[in-house]
There are 2 protein chains.
Amino acid sequence: MNELTTRDHIIDAADQLFYMQGYAHTSFADIAEKVKISRGNFYYHFKCKDEILDAVIDLRLENTRKMLVQWEQEGNDPEERIRSFIHILIANQAKIMAYGCPVGTLNTELAKLNHASHADASELFSLFRTWLARQFTLLGREADADDLAMHLLARSQGVATLASAFHDEQFVRQEVRHMCDWVKSCAEGI
Amino acid sequence: MNELTTRDHIIDAADQLFYMQGYAHTSFADIAEKVKISRGNFYYHFKCKDEILDAVIDLRLENTRKMLVQWEQEGNDPEERIRSFIHILIANQAKIMAYGCPVGTLNTELAKLNHASHADASELFSLFRTWLARQFTLLGREADADDLAMHLLARSQGVATLASAFHDEQFVRQEVRHMCDWVKSCAEGI
DNA sequence: AGGCCGCTAGGACGAATGTCCTACGAATCT
DNA sequence: AGATTCGTAGGACATTCGTCCTAGCGGCCT
């Protein structure tokens, strides 16, 4: 039951290809080949390329929400939960070093393309932003929770960018350590 | 004397368009229209699109070197010079909020495209990296100068990414202030 | 069995792409 | 003045792009 439909397969393949190759550089032929369907069959499920992008963004939003809920359930205290966020840099290190952060690079590309869905894509950032801010609030930093969230978001974005430019695994680990230390100092310095 | 040749105009236009639209999404027709030359005339100056990209990267490398030399001459102490670096986020704020960091976004795109010139583009980062490391060395932090350089580079990259995603001017100013404070603490904590 | 409908394949379409070719204008040189 | 060279224009080219159209398959209903 609940089998994956062709539509799901298309979204899934597009999700990966948009991440690995970028949206503009991924063609229908690329997706069709990956899903093993004919190019024409696409337009039964989506009426244009932008619609696939929207579906991909929706999928990522959904998966991100699930992930954040899971972190919230697994982590016993806010500091540990924030560490879960920081450690995606380690967990997805190989992909990040090859393609950068899926959230950051998509936003960057859509901003350049002046694409209508850029606002939707930035909602991915907002998800992390508000989640992190909530954790910082629980940490006793209600007054500057959003600033701290943005700060941490920015640092992880920068690490992803440089990791992909320099392919430096050790740099990632070091920055992750620093960020974890910083979170601890946030909790202590109330 | 020293007038700009057509070749220079092409490189200049490509430089701007690659920044504003991305490399993959910028066509010869786009560049030709901006320079007001015919599309076919291109191949007298460059034999393919990749060659224009290389010329653009060379131009950016050259301009970056000049800028770093200038910062070195203007700044009286290393801390002030590092502040010059940090303040490009303010000086180029409008463009960064619209298109991101020209260095970071080009590297990200070329990484995704698996482009041969990605290594050349990452040299742009290296220029800032070694220059910053030298300033941190002069600041008395020889032992971890490169780590500090990478850390600051990453933070400014992250700020650029989020600035373009959220279009938040105040966030940029705040992070710039934090980075300047951080540099000061680097100098003091010898 | 016959008819309907969800889904698919495959090709046609015009527009746009990167690349190449050839002819022309203007300057320079002999 | 004639010849040569540098730079340019404009179109031809094969390919690929996103999009659309139509015919056919298979399962479901009556």
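Chain letters run A, B, ... following the sequence lines, proteins first and then strands; every chain starts at 1. Keep in mind it's a predicted model, so treat the numbers as computed, not measured.
R141(B) places a side-chain N or O within 3.5 Å of a backbone atom of C186(B) that can act as its donor or acceptor partner.
Taking each heavy atom of F46(B) and A55(B) in turn, the nearest pair found is CE2-CB, 3.9 Å.
The ring-ring contact (aromatic ring centres under 6.0 Å, His included) test applied to F136(A) returns W182(A), not counting sequence neighbours.
Using a 4.5 Å heavy-atom threshold, the side chains of L89(A) and M179(A) count as touching. Looking at D50(A) and Y23(A), their side chains come closer than 4.5 Å, going by heavy atoms from C-beta outward. Counting heavy atoms from C-beta on, the side chains of Q16(A) and D12(A) come closer than 4.5 Å.
As judged by a 4.0 angstrom heavy-atom cut-off over every strand, T5(B) is placed among residues making no nucleic acid contact.
The footprint of chain B on DNA chain D, defined by a heavy-atom cutoff below 4.0 Å, extends from dC6(D) to dA12(D). With a heavy-atom cut-off of 4.0 Å to chain A, the contacted part of DNA chain C has its first and last nucleotide at dG6(C) to dA12(C).
Using a 4.5 Å cut-off between side-chain heavy atoms of Ile, Leu, Val, Met, Phe, Trp and Tyr, with links allowed through other members, I88(A) and Y99(A) fall into the same hydrophobic cluster.
Each of W71(B), F85(B), F125(B) was scored for a ring pair (Phe, Tyr, Trp, His ring centres under 6.0 Å) with W131(B), with one residue passing: W71(B).
DNA chain D is contacted by both D30(A) and G40(A); D30(A) maps to the nucleotide lying nearer its 5′ end (nearest heavy atom per residue). Of the residues near DNA chain C, T26(B) and Y44(A), the one whose nearest nucleotide (by heavy atom distance) lies more toward the 5' end is Y44(A).
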